[in-house]
**Student:** 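Submitted below is the structure of interest, expressed as structure tokens.
Throughout, a chain's letter reflects where its sequence line sits, starting with A, and its residues are numbered from 1.
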Amino acid sequence: MTVTPPANLRELFLGFLSIGARSFGGVMPWAHRVLVEERRWISQEDFTSIVGLCQFLPGPNIGNASIVLGRRWFGIKGSAVAFLGFFGLPFLWVLALAALYADFAGVPAVKRVVVGVAAAGAGLFIGTALKLARPIARKPAALVVVAGCFIAVGVGRVSMLLVIPVAAAISYYLSKRGLL
Amino acid sequence: MTILVELGLFFSLLSLLSVGGMPSVIPEMHRYVVESKGWISHTDFMEMFALGQAAPGPNVLITSLIGWKIAGVPGAFVTLIAMCGPAAVLSYWVAGVWERKKDAPWRAIAQRAMAPMVVGLILSGGFVLATPGGAPDWRLWLIAALSAAGMLATKLNPLWLLGGGAILGGVLL
């Protein structure tokens, strides 16, 4: 399969716009579809490695991918254009939805439904965590780090500003010793 | 005005901590805006989270909804820019280094070190959202458990699982 980078900034903008605009229920599948299948800007292997990098970086994964790819093709201008294309429409829609919701938030039935959606969303987080945990499930040291972070942040409600540096130091040490 | 500055500073900090994306920092966001500052209630937080999940687009937009709830449209802009900006600058810079150091040993070590932390943090996010005020509510836990199971066992678009949550919420809560 041949890959051809976007010809100009306009094309780059429209490509990322179409990812943001369509990504109901998750961005990743749409990013793959647009970048690899429809527009053929990058290869499958390239997509996997960029997603891997962006999961490791702080910030929204595909938001970061827009920065990384925009930079590759058009430098800093490309980063800005891809990022704005990606966020533009979803930002407007989410605000419109919130404004609409504000009119109905007082209705108890609506509130129950929305809290149900949030609980299901919490379940999606748990499902995601379990998926990510599969490759490390047989490593006792990794499970200790998982449990430590969960107990401190989730149950103990200790600030992440404290937990992250400590956990990162311990985790890096364990990883260096080949335990992760 | 001061609240916008506070939001901007806090979310800029969160931005740099958000390894693995927005889900990792949900517990800290909740701790700050609900528990520590009391700007919004747990229910408000849940509602904004639900809207953000159901709307199209990256889930980081939940932060702009929380900003909107706290400080209106300016709050929405400030939190989103603060949440994305510092991480974007870091990504721009790291992308170059990362590509050049493809074979450096610390790269693989760092990547493996990150995985269990991200798992623990995202798990915390799910737990905090489904446990208002630290008080267990079996109905919320049931909905969360069913949706997690549905995600792991099927290839359904997550929107269906959120829809299931909507129905169960209407019936059970």
**Student:** Under 4.5 Å heavy-atom distance to chain A, tell me which part of B:Val118 shows up: side chain, backbone, both or neither.
**Tutor:**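 Side chain only.
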
**Student:** Quick one: CG on A:Leu162 to CD on B:Glu28, what's the gap to the nearest 0.5 Å?
**Tutor:**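 Reported to 0.5 Å precision, the distance equals 9.5 Å.
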
**Student:** With a 4.5 angstrom heavy-atom cut-off, is it the side chain or the backbone of A:Arg134 that approaches chain B, or both, or neither?
**Tutor:**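 Contact with chain B: side chain only.
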
**Student:** Specify which of B:His30, B:Glu35, B:Met83 makes the most heavy-atom pairs with chain A at under 4.5 Å.
**Tutor:**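 Greatest number of close heavy-atom pairs with chain A: B:Glu35.
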
**Student:** Do the ring centers of B:Phe77 and A:Phe91 come within less than 6.0 Å of each other?
**Tutor:**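 Judged by ring-centre distance (under 6.0 Å), B:Phe77 and A:Phe91 do meet the cut-off.
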
**Student:** What residue in B:Ile122, B:Asn59, B:Val60 has the most heavy-atom pairs under 4.5 Å with chain A?
**Tutor:**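 If we count pairs closer than 4.5 Å to chain A, B:Ile122 comes out on top.
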
**Student:** Which one of B:Gly163, B:Gly21, B:Pro27, B:Pro132 has the most heavy-atom pairs closer than 4.5 Å to chain A?
**Tutor:**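 Highest number of pairs under 4.5 Å: B:Pro27.
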
**Student:** Of the non-hydrogen atoms in A:Gly127 and B:Leu152, which two are nearest, and what is the gap between them?
**Tutor:**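 A:Gly127 and B:Leu152 have their closest heavy atoms at O-CD2, 3.6 Å.
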
**Student:** By a 4.5 Å heavy-atom criterion (distance strictly below it), what part of A:Phe83 contacts chain B: side chain, backbone, both, or neither?
**Tutor:**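 It is the side chain, since no backbone atom gets that close.
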
**Student:** With distance as the sole test, does B:Arg31 use its side chain to make a donor-acceptor pair with the main-chain N or O of A:Met160 at under 3.5 Å?
**Tutor:**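 Flag not set: sc B:Arg31 to bb A:Met160 has no pair under 3.5 Å.
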
**Student:** Between CD1 of B:Ile109 and OG of A:Ser171, what distance do you get to the nearest 0.5 Å?
**Tutor:**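 Separation between the atoms: 11.5 Å.
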
**Student:** Check whether A:Tyr101 gets within reach of chain B through its side chain, its backbone, both or neither, counting any heavy atom under 4.5 Å.
**Tutor:**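 Contact with chain B involves the side chain of A:Tyr101 alone.
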
**Student:** Which pair of non-hydrogen atoms, one from B:Ser147 and one from A:Ala120, has the smallest distance, and what is that distance?
**Tutor:**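 Heavy-atom minimum between the residues: OG-O, 2.6 Å.
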
**Student:** Examine B:Val89 and A:Ile67 and state if one hydrophobic cluster contains both, with Ile, Leu, Val, Met, Phe, Trp and Tyr joined whenever side-chain heavy atoms are less than 4.5 Å apart.
**Tutor:**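 The answer is no; the residues belong to distinct hydrophobic clusters.
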
**Student:** A:Phe125 and B:Gly125: which non-hydrogen atoms are nearest, and at how many Å?
**Tutor:**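 Minimum heavy-atom contact is CD2-C, 4.0 Å.
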
**Student:** Name the option with the most non-hydrogen atom pairs under 4.5 Å to chain B; the candidates are A:Ile62, A:Val146, A:Leu95.
**Tutor:**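 Among A:Ile62, A:Val146, A:Leu95, the one with the most close pairs to chain B is A:Val146.
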
**Student:** Checking B:Ser18 side chain against A:Pro58 main chain: does a donor-acceptor pair fall under 3.5 Å?
**Tutor:**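 Side chain of B:Ser18 to backbone of A:Pro58, a donor-acceptor pair under 3.5 Å: no, none is there.
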
**Student:** So do the side chains of B:Tyr92 and A:Ile76 get within less than 4.5 Å of each other, counting heavy atoms only?
**Tutor:**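 The answer is yes; the side chains approach within 4.5 Å.
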
**Student:** Assigning hydrophobic clusters by single linkage (Ile, Leu, Val, Met, Phe, Trp, Tyr; side-chain heavy-atom cutoff under 4.5 Å), is B:Phe10 placed with B:Val5?
**Tutor:**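 No.
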
**Student:** Can you say whether A:Ile136 sits under 4.5 Å from chain B via the side chain, the backbone, both, or neither, judging by heavy atoms?
**Tutor:**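 Contact with chain B: side chain only.
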
**Student:** Of the listed residues (A:Ser66, A:Ala21, A:Pro90, A:Ala99), which shares the most heavy-atom pairs with chain B below a 4.5 Å separation?
**Tutor:**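 Of the options given, most contacts go to A:Pro90.
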
**Student:** Side chain from CB out, backbone as N, CA, C, O: work out which of these in A:Val155 comes under 4.5 Å of a heavy atom of chain B, or both, or neither.
**Tutor:**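 A:Val155 touches chain B through backbone and side-chain heavy atoms alike.
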
**Student:** Pick one of side chain, backbone, both or neither for A:Ser79, based on which atoms fall under 4.5 Å of a heavy atom in chain B.
**Tutor:**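 Only the side chain of A:Ser79 comes within 4.5 Å of chain B.
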
**Student:** Taking the side chain as every heavy atom from C-beta outward, state whether A:Val114 and B:Met46 have any pair of such atoms under 4.5 Å apart.
**Tutor:**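 Not in contact.
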
**Student:** Determine, stepwise, if the pair B:Leu121 / A:Ile164 fulfils side-chain contact (heavy atoms from CB on, under 4.5 Å).
**Tutor:** CA-CA 10 Å; B:Leu121 293 172; A:Ile164 290 238; 3.9 Å; yes

**Student:** Check whether B:Leu13 gets within reach of chain A through its side chain, its backbone, both or neither, counting any heavy atom under 4.5 Å.
**Tutor:**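 When you check distances to chain A, only side chain atoms of B:Leu13 fall under 4.5 Å.
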
**Student:** Hydrophobic clusters here meaning ILVMFWY residues chained together by side-chain heavy-atom distances under 4.5 Å, can you tell me if B:Leu90 and B:Leu80 are in one?
**Tutor:**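 Yes, same cluster.
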
**Student:** For each of B:Tyr32, B:Trp106, B:Phe45, B:Phe127, tally heavy-atom pairs with chain A at distances under 4.5 Å, and name the one with the top tally.
**Tutor:**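 Of the candidates given, the most pairs with chain A belong to B:Phe127.
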
**Student:** I need the residue from A:Ala98, A:Ala142, A:Gly20, A:Pro108 with the largest number of non-hydrogen atom pairs under 4.5 Å to chain B.
**Tutor:**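 Going by pairs under 4.5 Å, I would pick A:Ala98.
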
**Student:** Do B:Leu65 and A:Leu92 land in one hydrophobic cluster if side-chain heavy atoms of ILVMFWY residues count as linked below 4.5 Å?
**Tutor:**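 In one cluster with B:Leu65: A:Leu92, no.
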
**Student:** Find out if a path of hydrophobic residues (ILVMFWY) with successive side-chain heavy-atom gaps under 4.5 Å connects B:Ile167 to A:Phe104.
**Tutor:**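 No, B:Ile167 and A:Phe104 fall in different hydrophobic clusters.
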
**Student:** Give the member of A:Pro135, A:Gly121, A:Ala65, A:Pro60 that has the highest number of heavy-atom pairs under 4.5 Å with chain B.
**Tutor:**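 Of A:Pro135, A:Gly121, A:Ala65, A:Pro60, A:Gly121 has the most heavy-atom pairs under 4.5 Å with chain B.
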
**Student:** Is the shortest side-chain heavy-atom distance between A:Arg157 and B:Val128 below 4.5 Å?
**Tutor:**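 A:Arg157 reaches B:Val128 side chain to side chain.
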
**Student:** Which atoms form the tightest heavy-atom contact between B:Leu173 and A:Gly116, and what is the distance?
**Tutor:**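 Distance-wise, the nearest heavy atoms are CD1-N, 3.8 Å.
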
**Student:** Measuring only between side-chain heavy atoms, which start at C-beta, is A:Phe87 closer than 4.5 Å to B:Leu61?
**Tutor:**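 The answer is yes, as the side chains (C-beta and beyond) meet within the 4.5 Å cut-off.
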
**Student:** Answer with side chain, backbone, both or neither: which region of B:Leu168 has an atom nearer than 4.5 Å to a non-hydrogen atom of chain A?
**Tutor:**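 Neither; nothing under 4.5 Å.
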
**Student:** Looking at B:Gly126 and A:Ala122, what are the two nearest heavy atoms and their distance?
**Tutor:**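 It is O-CB, 3.5 Å.
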
**Student:** Let me know if B:Thr43 has heavy atoms under 4.5 Å from chain A in its side chain, its backbone, both or neither.
**Tutor:**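 For B:Thr43, the contact with chain A is made by the side chain alone.
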
**Student:** Count the heavy-atom pairs under 4.5 Å between each of A:Val68, A:Val94, A:Leu89 and chain B, then report the option with the highest count.
**Tutor:**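 It is A:Val94.
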
**Student:** Which one, B:Val171, B:Leu129, B:Val119, leads in non-hydrogen pairs under 4.5 Å with chain A?
**Tutor:**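 Greatest number of close heavy-atom pairs with chain A: B:Val119.
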
**Student:** Taking side chain as everything from C-beta outward and backbone as N, CA, C, O, which of these in B:Trp141 sits under 4.5 Å from a heavy atom of chain A? Side chain, backbone, both or neither.
**Tutor:**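 Neither part; nothing is under 4.5 Å.
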
**Student:** What closest approach, in Å, do B:Ala166 and A:Val117 show between heavy atoms, and which atom pair accounts for it?
**Tutor:**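 Scanning both residues completely, I find the closest heavy atoms to be CB-CG2, 3.6 Å.
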
**Student:** Using heavy-atom distances under 4.5 Å, tell me whether B:Ile26 contacts chain A through its side chain, its backbone, both, or neither.
**Tutor:**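 When you check distances to chain A, only side chain atoms of B:Ile26 fall under 4.5 Å.
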
**Student:** Relative to chain B, which of A:Leu124, A:Leu179, A:Leu132 shows the most heavy atom pairs under 4.5 Å?
**Tutor:**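 Most pairs with chain B among the choices: A:Leu124.
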
**Student:** Sort out for me which of B:Val19, B:Val73, B:Ile62 touches chain A most, counting heavy-atom pairs under 4.5 Å.
**Tutor:**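 Of B:Val19, B:Val73, B:Ile62, B:Val19 has the most heavy-atom pairs under 4.5 Å with chain A.
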
**Student:** Answer yes or no: is there a side-chain heavy-atom contact under 4.5 Å between B:Pro116 and A:Cys149?
**Tutor:**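 Not touching, per the 4.5 Å side-chain cut-off.
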
**Student:** Given that the side chain runs from C-beta out, which part of A:Ala141 has a heavy atom under 4.5 Å from chain B: side chain, backbone, both or neither?
**Tutor:**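 When you check distances to chain B, no heavy atom of A:Ala141 falls under 4.5 Å.
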
**Student:** Do any N or O atoms from the side chain of A:Ser175 and from the backbone of B:Ala110 form a donor-acceptor pair under 3.5 angstrom?
**Tutor:**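 Pair absent, no side-chain N/O of A:Ser175 close to backbone of B:Ala110.
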
**Student:** Can you say whether A:Ala167 sits under 4.5 Å from chain B via the side chain, the backbone, both, or neither, judging by heavy atoms?
**Tutor:**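 Both parts, backbone and side chain.
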
**Student:** Between atom CE of B:Met151 and atom CG of A:Leu130, what is the distance when rounded to the nearest 0.5 Å?
**Tutor:**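 One finds 9.0 Å between CE of B:Met151 and CG of A:Leu130.
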
**Student:** Heavy-atom cut-off 4.5 Å, strictly under: side chain, backbone, both or neither for A:Leu57 against chain B?
**Tutor:**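 Interface part for A:Leu57: both.
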
